[in-house]
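The block underneath contains the structure these notes are about, expressed in structure tokens.
Everything numeric here is computed off the predicted structure, so don't read it as measured data. Ligands are counted one by one from 1 in listed order, and the atoms in each one are counted from 1 as well.
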Amino acid sequence: MCGIFAYTGNKNAIPILIDGLTSLEYRGYDSAGIHIPQSGTRKAVGGVSQLKLQNINSLQGTSGVAHLRWATHGEPTEINAHPHHDMSHKIHVVHNGIIENYKEIKESLISQGYTFVSSTDTEVIPQLIAFYLYTLKDFEKAVFEALNILRGTYGIAVTYENEPQKIITARCGAPVVLGLGMDENFVASDPTPILRHTKNVIYLSDGEVAIITPQTHAIYNLKNIPITKQTEVIDWDVEQVQKNGFDHFMLKEIMEAKEVVQNTIRGRIKINEGLVKLGGLELVEDKLKHAKRIIIVGCGTAFYAGLVGEYMLEEHAGIPVEVEVGSEFRYRKPILDEHTVLLAISQSGETADTLEAIREAKRKGALTLGIVNTVGSTIARETDAGIYNHAGPEIGVASTKAFISQLTALVLFTVFMGRTRSMNISVAKEILNEITTLPDKIEKILLQKDTIKSIAEKYSTSRDFLYIGRKYNYPIAFEGALKLKEVSYIHAEGYGAGEMKHGPLAMIDQDFPSLAITLQDSVYEKMISNIQEIKARKGKIISIATEGDRVIQEYSNDVIYVPSVHEMLSPILAIIPLQLFAYYFAVTKGLDVDKPRNLAKSVTVE
Ligand code: AGP
């Protein structure tokens, strides 16, 4: 969702703000805007490249706020672009979130003579601050008064012309992180734009307000009472948020799969003892021993990782598992108690639907865990315990390496849980041994990227694709289809191969190719029958097959091979060719794969 960024210091603010917006662009690109107190505002429909065309270098100043919008209220027009201002143009606000009571605030202000220019919910914020400023004559007090009226979600940064070096920021349900530098301070929706300036950060919690100047930062609750917060040091490097020679972040991140697996397992496995050490779960180990069921919650790709986790945990840890999308979980009546574990999976750690599921589970007494990539994110902080992915920052909107690390973390969690239950040491050792073979096997798949590229090019005129799989690779069919949909805007459906004959087979003809995950595992024979059914209807088959399987060629138009591995780990390999296929397919169409239309990386609205 939208990205906010703010700077106050002694350097020229323009390049710093533009640079910050550029690295935040995966959060939204419907419009972009920048405001420098006492100098001016520039806005543009589209992303940072459009904003740069707005004569931004004629602005001057050493502080300012900037914004990238993912439209919720109001069309993506210039007038609706942030920063928004009050009638006197003295207060400027950038906002990520949704103000739920904006209509009543707007009506009340209009009845008192205020006029509005945009159709956004955000515009009420500067107007309300101005309303209080008029009577209180104090910028800070006016912001506190206004914040106490707002309902909904916000991560905001506010500037005031009369105090140009001061920025007030506040958080309620949308992430805000402060970056603390030498004679300069920053505000951002996530640490990415801050990293190149400082690694010292403070994550605001809901209901917290921070006031920064170049030399100072102070944090308060909404009642204006000072709070002490710890500074954290980020361990990500600047290089990790750059493309490093790749054309797109998506390709760079797929190509990082090998290191991602290594980083997720590093220091966590004890092969000889058949044990997994997960420091983040130590405090809840006893509760986990007595857990009776696990509910996995996630959205999009994280949900599909959860579906794979269900197969892993039920088969090898012997514990009942249900998987649910975050957006549905709290709208039914989930039955939860103290023996239920809710495991939330989220790359960003900020997904609103997943977060609300966690809160609902907590209210009902369940133990909450997270598999989260972003250290210090809201989900990481609000869950009782968890496992960090250690995948490094993921910038491409389409999740790739985070999915690999989520699956790897789920393998570790399965062994961890299994060893407190029915899993014996030899099974654990076998799985852990196999997990160490993954990096080399991944490398072998990545080396085939040019072959996958030519297959993607060969099918580039197809308008529909079917993805099929069974058992562990049934969710991989969904994830493969999601990747193609989001970066190519092409119709792709994931289906359980066994379900084809119950309906979807009717769609198949020579123009409707299928990607079939047909590995030599416990469902191999069944998959072969399913792809034969497609072949018999003249459907084209691209198989993801096990290295050495020559028979598969008989039934397939094209084959991409992956090395043989323990069945439970096979989704980690099978998804990689599908990610590369989606990537090259979209590139062939000339699309911006890192910023697919209508999407944003971190979905902080429900
Ligand atoms: C994946 O490619 C998507 N862009 C999306 O489905 C994503 O996985 C989902 O929004 C969940 O995000 P999270 O992992 O940050 O919670």
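- A pairwise comparison of heavy atoms in Ile575 and Gly480 identifies CD1-N, 4.0 Å as the closest pair.
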Could you pull out every N or O of ligand 1 that sits under 3.5 Å from a protein N or O, with the distance for each pair?
unit_1   : atom_1 : unit_2 : atom_2 : d
ligand 1 : 2 (O)  : Thr301 : OG1    : 3.3
ligand 1 : 2 (O)  : Ser399 : N      : 2.8
ligand 1 : 2 (O)  : Lys483 : NZ     : 3.0
ligand 1 : 2 (O)  : Glu486 : OE1    : 3.2
ligand 1 : 2 (O)  : Glu486 : OE2    : 2.3
ligand 1 : 4 (N)  : Val397 : O      : 3.0
ligand 1 : 4 (N)  : Glu486 : OE1    : 3.1
ligand 1 : 6 (O)  : Thr301 : N      : 3.3
ligand 1 : 8 (O)  : Thr301 : N      : 3.2
ligand 1 : 12 (O) : Thr351 : OG1    : 3.4
ligand 1 : 14 (O) : Gln347 : N      : 2.6
ligand 1 : 15 (O) : Ser348 : N      : 2.8
ligand 1 : 15 (O) : Ser348 : OG     : 2.6
ligand 1 : 15 (O) : Thr351 : OG1    : 3.4
ligand 1 : 16 (O) : Ser346 : OG     : 2.6
ligand 1 : 16 (O) : Thr351 : OG1    : 2.4

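- Salt bridge Glu567/Lys471: present, at least one basic N to carboxylate O contact under 4.0 Å.
- The two residues Phe512 and Phe465 make their nearest non-hydrogen contact at CE2-C, 3.5 Å.
- Residues Leu519 and Ala545 share a closest heavy-atom pair of CD2-C, 3.8 Å.
- His390 is linked by a ring-ring contact (aromatic ring centres under 6.0 Å, His included) to nothing, counting only residues two or more places apart in sequence or in another chain.
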Please test Thr378 against Glu350 for side chain to side chain donor-acceptor pair (under 3.5 Å), starting from the C-alpha separation and ending with a verdict. CA-CA 6 Å; Thr378 311; Glu350 301 293 349; 2.5 Å; yes
